[in-house]
Protein chains: 2
Amino acid sequence: MVANEAKAELAAGKLAEYEQLSKIYDDIVKQTRPHLTVEGQGKILLALTDEDHQSQRQLATHLGMSPQSTSEFVAKLAKRNLVTLSKSTKDRRVNLVSLTDAGRQEITSAAQEVPPFLQALSEAEQDQLAALLTKITNAMYADIDAANPTLGVKFHKLFAAHYLKRFKK
Amino acid sequence: MVANEAKAELAAGKLAEYEQLSKIYDDIVKQTRPHLTVEGQGKILLALTDEDHQSQRQLATHLGMSPQSTSEFVAKLAKRNLVTLSKSTKDRRVNLVSLTDAGRQEITSAAQEVPPFLQALSEAEQDQLAALLTKITNAMYADIDAANPTLGVKFHKLFAAHYLKRFKK
DNA sequence: AAAATATCATAAGGGCCCCTGATTAATATG
DNA sequence: CATATTAATCAGGGGCCCTTATGATATTTT
């Protein structure tokens, strides 16, 4: 095995280790805190952050999931009081999904959450890490876009809008 | 908000972005490839990597899960031909769980998998990333150990043994 | 007005991870 | 030998994500 392959493997292993470890970390160390995912209910919240008051149809097509799944997740979010449903006045078939204050709060607090272990890095190192990860995620976005433009572009926009919001203004 | 908080938040956001993005990446870009997790079946495989031929009882206590769950995951792994079950000769109640060649293969191939997006980094950057992640995971291990010594230590050993194996020899 | 279409909800199912409770089979203990 | 105790399994459940099939309601099209 050549040297640079070994470096890449080490980095890959560390990334995998971090990913898996963060699950244990969340389970054991931290109190239950809002945690956004790109699946299920989290996906819906993210999409609503991008654009509020969407119909379930819109959500389903934007997110590439079946309307039935969308319905299920929206119902769960409504039960958690993170979104509200309201019938459209123009078309009484459609159910507009809107974020509640609690829903917005859920998103922003998840975004502002800084896990304690990041304090192990100096400011300079945090900068380095962010820069490296940006390179990686950009490469991932490129690959995703190459494989499936619509979905990839959509998520790119969602994430960018979400995580970089406060740095733009 | 002070400057260093902003840096930490950016780094945290990038980490979260990477984590979520890697799910999409796996779904969309890559062919289904072996992927180890610290949950369910993956947990069992990892434990067997640490020490093969364990009884389900041992696995359950080592991994901190119920014997029933252990039984379920072992059965699934057996169905996938990644482990074999054999009754102990000394105590015919116990079912020794052993990795098959396919099981071992599953683990090593998952460990050697280098995702394409890592090629976006130079060798020096891969080194940097590995170093930063090592600091982070060490901090996580410390926190986990503080909260729950046995589990944390156990996983630490598992991961270390697993991901660093080839660099030790 | 009738037919086609669109939106949404419900039901059923499958996969994953996990649990508690009860049962069978084997071993250890009194 | 009778009675725990132990290993493992079965049964049932809960939560998550996600699917297809089906039906109800509302709107558009003809």
Side-chain angles (χ1 to χ4, degrees), chain A residues 19-20 22-24 26-28 32 34-47 53-80 82-98 106 151 155, chain B residues 19-20 23-24 26-28 32 34-47 53-80 82-98 151 155:
Chain A
E19 277 184 70
Q20 296 306 314
S22 65
K23 292 184 194 170
I24 304 174
D26 278 354
D27 273 358
I28 300 188
T32 46
H35 199 62
L36 285 186
T37 56
V38 292
E39 298 157 334
Q41 304 176 43
K43 217 170 180 175
I44 307 280
L45 283 183
L46 244 9
H53 315 297
Q54 293 188 61
S55 74
Q56 297 188 191
R57 235 287 159 253
Q58 288 177 300
L59 286 171
T61 48
H62 284 351
L63 296 175
M65 60 167 70
S66 71
Q68 293 88 332
S69 300
T70 307
S71 176
E72 175 190 336
F73 298 135
V74 164
K76 285 179 179 175
L77 288 171
K79 192 164 294 174
R80 293 168 61 195
L82 299 181
V83 303
T84 53
L85 284 291
S86 57
K87 295 196 195 74
S88 163
T89 51
K90 338 184 70 169
D91 186 338
R92 290 207 309 276
R93 288 172 301 183
V94 326
N95 246 333
L96 270 345
V97 185
S98 308
E106 181 88 0
L151 257 186
F155 277 122
Chain B
E19 278 184 69
Q20 297 305 315
K23 292 183 194 171
I24 303 174
D26 278 354
D27 274 358
I28 299 188
T32 45
H35 198 62
L36 284 186
T37 56
V38 293
E39 296 158 335
Q41 304 177 42
K43 214 171 181 174
I44 308 280
L45 283 182
L46 245 9
H53 314 298
Q54 293 188 60
S55 74
Q56 297 189 191
R57 236 284 162 257
Q58 287 177 300
L59 286 171
T61 48
H62 284 353
L63 296 176
M65 62 166 68
S66 72
Q68 293 91 328
S69 299
T70 307
S71 176
E72 176 188 334
F73 299 136
V74 164
K76 286 179 179 175
L77 288 170
K79 191 164 294 176
R80 293 170 58 197
L82 299 181
V83 303
T84 53
L85 285 291
S86 55
K87 293 195 197 74
S88 163
T89 52
K90 339 184 69 168
D91 186 338
R92 291 205 309 276
R93 287 172 303 182
V94 326
N95 248 333
L96 269 346
V97 186
S98 308
L151 257 186
F155 277 120

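In what follows, chains carry the letters A, B, and so on, assigned in the order in which the sequence lines appear, proteins first and then strands, with residues in each chain numbered from 1. Atom set for the values below is all heavy atoms of this structure, side chains included, hydrogens, waters and symmetry mates excluded.
You'll find the side chain of B:Lys23 reaches within 4.5 Å of the side chain of A:Thr37, heavy atoms only. Under the 4.5 Å side-chain criterion, counting only non-hydrogen atoms from C-beta, A:Leu96 is not in contact with A:Leu85.
For C:dA9, the OP1/OP2 oxygens have a side-chain nitrogen or oxygen of A:Asn95 closer than 4.0 Å. Contact annotation: B:Ser71 reaches the phosphate of D:dT9 (side-chain N/O to OP1 or OP2, under 4.0 Å). For the OP1/OP2 pair of D:dT19 and a distance below 4.0 Å, the side-chain nitrogens and oxygens of A:Ser66 include at least one atom meeting the criterion. Phosphate contact (OP1/OP2 of C:dC19, side-chain N/O of B:Ser69, threshold under 4.0 Å): present. For D:dA7, neither phosphate oxygen OP1 nor OP2 lies less than 4.0 angstrom from any side-chain nitrogen or oxygen of B:Gln58.
Using a 4.0 Å heavy-atom distance criterion, B:Gln68 is classed as a base contact. Looking at heavy-atom distances under 4.0 Å, B:Thr70 makes no contact with the nucleic acid at all.
A side chain to side chain contact (heavy atoms under 4.5 Å, CB included) with B:Asn95 is found for one member of B:Gln54, B:Arg57, B:Lys87 and no other, namely B:Lys87.
A straight line from CD1 of B:Ile44 to C1' of C:dC16 spans 14 Å, rounded to a whole angstrom. Between the P atom of D:dT6 and the CG atom of B:Asp91 lies a distance of 12 Å, rounded to the nearest Å. The separation between B:Arg80 atom CZ and C:dG15 atom P is 13 Å, rounded to whole Å. In this structure, A:Gln41 places its CD atom 10 Å from C1' of D:dG15, rounding to the nearest Å. Distance B:Leu36 CG to C:dC17 P: 12 Å, rounded to the nearest Å. The interatomic distance linking A:Leu59 (CG) with D:dC18 (P) rounds to 14 Å, in whole Å. Whole-Å rounding puts the B:Leu85 CG to D:dT9 C1' distance at 12 Å. Between the CZ atom of A:Arg57 and the P atom of D:dA26 there is a distance of 18 Å, rounded to whole Å.
Residue B:Arg93 places no side-chain atom within donor-acceptor reach of the base of D:dA8, judged by atom type and a 3.5 Å distance cut-off alone. A donor and an acceptor atom sit less than 3.5 Å apart, one in the side chain of A:Glu72 and one in the base of D:dC18.
Distances from the side chain of B:Gln56 to the nucleotides D:dA7, D:dT9, D:dC18 place D:dT9 closest. Counting only heavy atoms from C-beta on, A:Lys76 has its side chain closest to D:dC16 among D:dA7, D:dC18, D:dC16. Residue B:Phe73 has its side chain nearest to C:dC18 when only C:dC18, D:dA8, C:dC16 are considered.
In this structure, B:Pro67 and A:Ser88 both approach DNA chain D, and ranking their closest nucleotides by distance from the 5' end singles out B:Pro67.
Side-chain atoms of B:Gln56 never come within 3.5 Å of backbone atoms of B:Thr70 as a donor-acceptor pair (strictly under, hydrogens ignored).
Interatomic distance, CG of A:Leu63 versus CD of A:Gln58, reported as 11.0 Å (0.5 Å rounding).
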Can you list the steps and then say if B:Leu77 with B:Ile44 is a side chain to side chain contact (heavy atoms under 4.5 Å, CB included)? CA-CA 9 Å; B:Leu77 288 170; B:Ile44 308 280; 3.7 Å; yes
